[in-house]
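Here's the structure, in structure tokens; my notes come after.
Residue numbers run from 1 in the order of the sequence given.
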Amino acid sequence: MNNTPSLHPASATTAPPAPSKAPSRRVTDAPTRMFHWLFALCFVGAYATADGEHWRLLHVTLGYTMAGLLGFRLLYGILGPRTSGLGLLWRKLGGAPAWLRTLPSTTSITQIPWRQGQNLLMALAIVLLLALVVPLTLSGYATYNDWGDALGGDWMEEVHEFFGNALLFVVLAHVALIAGLSVLRRKNQALPMLTGRVEGKGPDLVPKNRTWLAALLLIAALAFGAWQWQQSPSGWIASGASAERSRHHDDD
């Protein structure tokens, strides 16, 4: 009698199937994400180097880079895809009067259209972030070139500091809003600005990622920083002697 076990296919050990990837769709393209993070890094760096002559050129370089990024965002908002258009922000803000009119008619807090209100606050924060860069960089340029001293007093520096603190307040409010929405919706609301995608079925809201344009934006920002560094004898960070001479110049 043959006791050799038969090799049946059902008895063979099979590897468990690989977990299927959750469906997702693209909602933010690469240039918009690159602008967002370059803008954020420039502001953090500029605010951190605001005090002291030692970091002055680095502070100025980051400020000019923010102005250049703003110019890119405005052009991309006009010439880019609809999802990155500035008109989308204005349409969201345009719904504010209708949303406010619904508040008196609600009988309980659960009837308030919170999602629309959250979108309004998010759009308002973005518009303020972009708008504040203009007076911030203009006052910074005037301060760097001593226009305030020519007009009498250091009031231009105080104006620059005011807009810097105002932008910091809006940035912190923006971050707090993102964190709050992440908790309420139990989903990381900052993730789409990193990956460009959100979970869910359906077509991509942004068909083209335009990675090449994001790479060009990064190269342009780095090239400007390198050019600024080469133009200064002591680089971005002033040496002790250079900072001392600049301080004496300001005192005079």
Side-chain angles (χ1 to χ4, degrees), residues 23-43 63-102 113-138 163 166-167 169-171 173-182 185 187-221 224:
S24 64
R25 52 187 183 143
R26 186 187 300 118
V27 294
T28 309
D29 58 12
T32 302
R33 303 198 309 272
M34 181 63 70
F35 159 80
H36 178 275
W37 293 113
L38 285 177
F39 190 88
L41 290 174
C42 285
F43 174 72
Y64 288 167
T65 305
M66 286 179 62
L69 290 170
L70 174 64
F72 166 81
R73 186 64 183 89
L74 293 177
L75 288 176
Y76 196 62
I78 297 173
L79 305 176
R82 182 184 62 83
T83 53
S84 299
L86 299 178
L88 185 61
L89 293 175
W90 292 117
R91 284 193 294 272
K92 289 182 178 180
L93 293 178
W99 183 77
L100 292 174
R101 285 194 296 267
T102 62
W114 289 111
R115 183 173 290 273
Q116 183 183 1
Q118 295 162 3
N119 292 334
L120 286 173
L121 289 176
M122 189 67 67
L124 179 62
I126 296 174
V127 170
L128 288 176
L129 286 172
L130 298 177
L132 284 172
V133 175
V134 176
L136 180 64
T137 52
L138 289 177
F163 283 112
L167 186 57
F169 175 80
V170 177
V171 167
H174 178 66
V175 173
L177 182 60
I178 292 291
L181 291 178
S182 298
R185 298 179 181 178
K187 185 183 296 184
N188 188 351
Q189 298 297 307
L191 194 59
M193 198 53 71
L194 288 171
T195 64
R197 311 187 72 86
V198 295
E199 293 182 358
K201 298 180 180 180
D204 291 337
L205 298 182
V206 183
K208 298 180 180 180
N209 197 30
R210 295 179 175 85
T211 306
W212 62 271
L213 185 56
L216 285 180
L217 181 61
L218 176 61
I219 292 172
F224 176 71

Distance from [X] atom [atom1] to [Y] atom [atom2], nearest 0.5 Å?
| X | Y | atom1 | atom2 | result |
| --- | --- | --- | --- | --- |
| L213 | Y76 | CG | OH | 6.0 Å |
| L167 | M66 | CG | CE | 5.5 Å |
| K187 | L181 | NZ | CG | 12.0 Å |
| Q189 | L177 | CD | CG | 9.0 Å |
| T65 | F43 | OG1 | CZ | 14.5 Å |
| L129 | L136 | CG | CG | 11.5 Å |

Residues which pass salt bridge (Lys or Arg N to Asp or Glu O under 4.0 Å) with R197, listed by chain and number, not counting sequence neighbours: D204

I need the minimum non-hydrogen distance between [X] and [Y], along with the two atoms involved.
| X | Y | result |
| --- | --- | --- |
| P31 | A214 | N-CB, 3.8 Å |
| A190 | N188 | N-OD1, 3.0 Å |
| F35 | L70 | CE1-N, 4.3 Å |
| A221 | L38 | CB-CD1, 4.3 Å |

So among V27, T83, T28, T32, which one has a side chain to side chain contact (heavy atoms under 4.5 Å, CB included) with V206? T83

Are the side chain of R210 and the backbone N or O of A30 linked by a donor-acceptor pair below 3.5 Å? no

Under a 4.5 Å cut-off applied to non-hydrogen side-chain atoms, are D29 and K208 in contact? no

What's the verdict on side-chain contact (heavy atoms from CB on, under 4.5 Å) for T137 and F163, showing C-alpha distance, side-chain angles and the deciding distance? CA-CA 9 Å; T137 52; F163 283 112; over 6 Å; no

